[in-house]
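Working notes, structure below.
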Amino acid sequence: MALRAAGRHSLVDTVVQQLRDQLAGEWSVGDRIPTEHDLAEQLGVGRNTVREAVRVLVHAGLLESRQGNGTFVRSTADPSAVLRTMSHAGVLDILELRVALEAEAARLAAVRRDEADLGRLRDALGALHEHGDRAADADLDFHLGVVEATHNTTFAEVYRFFSTQMHESLVAALGDREMPPIDFTAHEALVDAVESGDPAAAEQAARALLQVPMDVVRRLVGR
């Protein structure tokens, strides 16, 4: 399937869809995609547009950028078709799904984690402390680290996309209203439970960590 020049409107969205089509038809997992320069020429758009479109697909877990080597296909299974429906869901519905996902991830991580996983989680804890109680990116990296410790690539890919949708839904629903500060003790307890190899304790720690934001959101949205 040949790439075709994008129209002049919604360029990034158009290029994202073109690249999704390639993932569905021509590119396979492990393939290195054409360079930013080559894609820009084929699509008839600027390199900045291509860069942003690729960033969208990297964030969705479909592509992977490797420093000095290029960008590679990580997955051709795009969960977005199903998960886009979350944009119409209530914020509490999404948080309840998050609890379910992270509780199961913690259970699996306690059984499957290795030393590298534990090192990443400890590093993520350090980043949380370093950046303070509003370190949203560091917090996301922590939770993704728990999910990736399951060593289930499908789980990780779905969660990576889900986390973006969850953030957007929280922002849309809550606006400038205050969320609670990050609970460092609860995060540390989750890492300890995963390290202990006790799946029941890890699940309980994951649920306890998320209970406070759940309660705050219930109060803020009036449910």
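All residue numbers in this chain count up from 1 along the given sequence.
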Might you work through the side chain to side chain contact (heavy atoms under 4.5 Å, CB included) test for V45 and V50, ending with a clear yes or no? CA-CA 7 Å; V45 298; V50 170; 3.6 Å; yes
Do NZ/NE/NH1/NH2 and the carboxylate oxygens of [X] and [Y] come within less than 4.0 Å?
X: E96; Y: R98; answer: no
X: R113; Y: E195; answer: no
X: D123; Y: R120; answer: no

For [X] versus [Y], what's the shortest heavy-atom pair and its separation?
X: A202; Y: R107; value: CB-N, 4.4 Å
X: V194; Y: A106; value: CG2-O, 4.3 Å
X: L121; Y: G145; value: CD2-C, 3.7 Å
X: R74; Y: V29; value: O-CG1, 3.7 Å
X: L95; Y: M214; value: CB-SD, 3.2 Å
X: R112; Y: N152; value: NH1-CB, 4.2 Å

Contact between V146 and E102 at the side-chain level, heavy atoms closer than 4.5 Å - yes or no? no
Answer yes or no: is there a side-chain heavy-atom contact under 4.5 Å between E148 and F155? no
How far does [atom1] of [X] sit from [atom2] of [Y], to the nearest 0.5 angstrom?
X: L11; Y: Q18; atom1: CG; atom2: CD; value: 11.0 Å
X: L63; Y: R20; atom1: CG; atom2: CZ; value: 9.5 Å
X: R122; Y: E115; atom1: CZ; atom2: CD; value: 10.5 Å

Donor-acceptor contact present, side-chain [X] to main-chain [Y], <3.5 Å:
X: T35; Y: D38; answer: yes
X: R32; Y: F72; answer: no
X: D215; Y: V212; answer: no
X: D117; Y: D114; answer: yes

Pair Q17, D13: side-chain N/O donor-acceptor within cut-off below 3.5 Å: no
Between F184 and H129, what is the ring plane arrangement, given parallel below 30°, perpendicular above 60°, and tilted in between? parallel
Apply the side chain to side chain contact (heavy atoms under 4.5 Å, CB included) test between L57 and each candidate in V16, V73, T71, I33; give the one that qualifies. V16
